Amino acid sequence: MKNIQSELLSRLMEQSDADITHMPMEDEFDFYHLVSTGNIMGLEKRGFSLMDPGLGKLSEDENRNILYHFIISISLITRKCIERGMASETAYTLSDLYIQQVDLLHSATEINRLHRRMVYDYTERMQQLGRDNSYSRHVMSALQYISKHLTETISVDDISEALGLNKSYLCSLFKRETGFTIGAWIEKKKNELAVDYLMNTDIPYIDISNALGFRSYSYFIQTFKKLNGTTPARYRKNNYKRYL
């Protein structure tokens, strides 16, 4: 094993001769700030890639090098997003899932593509969190109830009863603040999860319908087609694991 001090001096000299430097700390801070504040436009304007030589060399093997940077990136993003209000269980589980996916990849290009998808996933979730935080206490409670029971069959009566609120009042308040009826919001959120299942798993359509608490398989297909303009089967055919 090489002596770390001598290796450090040698590496610093090589990098100086080749005019190679690591990414400035301010740039790195800016990147994680954009993600954790849900600033998608700022992220797109800035750009990012695990192929950037300024990230440093962690391995002589290109694929392993970019894999290490992926894990560092998602670890920091996860913690920054938790600091900004993302539920810790959501953030850590999302991190686990992406690390499990990247572990199956075999090329730097694939890993970089998944990294891009991961970054936008966290950023979009933080953007939505920022919007959610602008809602009133009653609407926030309704959103949290829906999120917690998304894999069940949810009714407006269930929500109003659980929150101890008048049904008409809750419906009116929810529509005014979100722009959606409660029923439409539930469909929207179930649909987002269905899309994830279709793009990233081989789970049968009827099992997805059951897992998301749709009252029937036909209603699942009807709702999915209404929101996406196509059937679940055609959607999966066109989009299955397209980011990998």
Side-chain angles (χ1 to χ4, degrees), residues 23 26-55 63 65-134 143 147 150 178-180 185 188-201 208 212 224 227-230 232 235-236 238-244:
M23 179 188 298
E26 302 81 35
D27 288 354
E28 187 175 357
F29 175 83
D30 179 59
F31 169 70
Y32 291 112
H33 181 73
L34 290 171
V35 175
S36 63
T37 56
N39 191 340
I40 294 175
M41 290 184 64
L43 199 61
E44 290 175 344
K45 183 177 179 180
R46 179 190 185 281
F48 59 93
S49 171
L50 289 183
M51 304 291 196
D52 188 338
L55 292 178
N63 296 340
N65 181 63
I66 198 169
L67 173 63
Y68 291 158
H69 279 298
F70 182 103
I71 293 172
I72 291 170
S73 179
I74 195 170
S75 297
L76 290 172
I77 285 173
T78 298
R79 283 154 182 78
K80 289 293 184 183
C81 288
I82 290 172
E83 289 173 4
R84 286 276 179 173
M86 180 180 283
S88 59
E89 195 60 30
T90 297
Y92 285 130
T93 303
L94 196 59
S95 173
D96 292 345
L97 293 173
Y98 274 113
I99 290 175
Q100 288 167 19
Q101 284 194 16
V102 78
D103 191 47
L104 301 175
L105 303 182
H106 305 291
S107 77
T109 300
E110 289 179 323
I111 296 170
N112 191 52
R113 190 179 301 132
L114 182 63
H115 178 260
R116 185 174 183 82
R117 177 187 171 197
M118 177 273 291
V119 168
Y120 276 110
D121 191 353
Y122 273 93
T123 308
E124 288 167 0
R125 289 171 188 271
M126 293 305 295
Q127 185 183 73
Q128 183 60 50
L129 181 63
R131 293 182 184 134
D132 290 349
N133 286 340
S134 65
L143 292 171
S147 178
L150 198 57
T178 68
F180 290 85
W185 184 273
K188 174 178 178 289
K189 290 302 175 181
K190 285 181 180 288
N191 178 71
E192 289 173 2
L193 200 47
V195 164
D196 275 345
Y197 278 130
L198 293 168
M199 287 179 59
N200 301 296
T201 76
I208 293 175
L212 294 178
F224 190 90
L227 296 176
N228 302 285
T230 188
Y235 189 92
R236 172 174 276 167
N238 293 335
N239 297 280
Y240 180 61
K241 291 187 178 178
R242 66 178 177 182
Y243 293 108
L244 300 184

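Every value quoted in this text rests on a predicted model; they were computed, and no experiment measured them. Side chains included, hydrogens not; waters and symmetry mates left out as well; all remaining heavy atoms used.
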Taking it one step at a time, do Met41 and Asn39 satisfy side chain to side chain contact (heavy atoms under 4.5 Å, CB included)?
CA-CA 6 Å; Met41 290 184 64; Asn39 191 340; 4.2 Å; yes

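- The distance from the CD atom of Glu83 to the OH atom of Tyr32 is 12.5 Å, given to the nearest 0.5 Å.
- Taking OG1 from Thr123 and CE from Met126, the interatomic distance works out to 9.0 Å, rounded to the nearest 0.5 Å.
- The shortest distance between side-chain heavy atoms of Gln127 and Tyr120 does not fall below 4.5 Å.
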Verdict with reasoning, Arg84 to His33, per side chain to side chain contact (heavy atoms under 4.5 Å, CB included)
CA-CA 10 Å; Arg84 286 276 179 173; His33 181 73; 3.2 Å; yes

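- Remark: the backbone N or O of Leu143 is not paired with any side-chain donor or acceptor of Ser147 at under 3.5 angstrom.
- Annotation: the span from Leu76 atom CG to Cys81 atom SG amounts to 10.5 Å, rounded to 0.5 Å.
- Between Asp121 and Arg125, at least one side-chain nitrogen of the basic residue sits less than 4.0 Å from a carboxylate oxygen of the acidic one, meeting the salt-bridge criterion.
- Contact detail for Ile66 and Ala108: the closest heavy-atom pair is CD1-O, 3.5 Å.
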Evaluate the criterion salt bridge (charged side-chain N to carboxylate O under 4.0 Å, His left out) for residue pair Lys188 and Glu192; output intermediate values, then yes/no.
CA-CA 6 Å; Lys188 174 178 178 289; Glu192 289 173 2; 3.0 Å; yes

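- Taking both residues in full, the closest heavy atoms of Arg46 and Leu34 are given as CD-CD1, 3.7 Å, listed atom of the first, atom of the second, then distance.
- Counting heavy atoms from C-beta on, the side chains of Ile77 and Met118 come closer than 4.5 Å.
- A distance-only check finds no donor-acceptor pair linking the side chain of Asn239 to the backbone of Met199 [under 3.5 Å].
- For the pair Ser73 and Phe31, the tightest heavy-atom approach, listed with the atom from each and the gap, is OG-CE2, 4.3 Å.
- Of the possible polar contacts, one joining the Thr78 side chain to the Ile74 backbone as a donor-acceptor pair under 3.5 Å is found.
- Here the closest non-hydrogen pair linking Phe70 and Leu114 is CE1-C, 3.9 Å.
- Residue Asn63 holds its CG atom at 8.5 Å from OG1 of Thr109, rounded to the nearest 0.5 Å.
- Aromatic ring orientation, Phe180 versus Trp185: perpendicular (interplanar angle above 60°, classes split at 30° and 60°).
- Rounded to the nearest 0.5 angstrom, Ser36 OG and Ile82 CD1 are separated by 11.5 Å.
- Note that the CG atom of Asp96 and the CD atom of Glu89 stand 8.5 Å from one another [nearest 0.5 Å].
- A perpendicular orientation is assigned to the rings of Phe48 and His115, their planes being inclined by more than 60° (bins at 30° and 60°).
- The minimum heavy-atom distance linking Arg236 with Thr201 is given by the pair NH2-O, 3.0 Å.
- Put simply, the side chain of Arg117 never gets that close to the backbone of Arg113: no donor and acceptor are under 3.5 Å apart.
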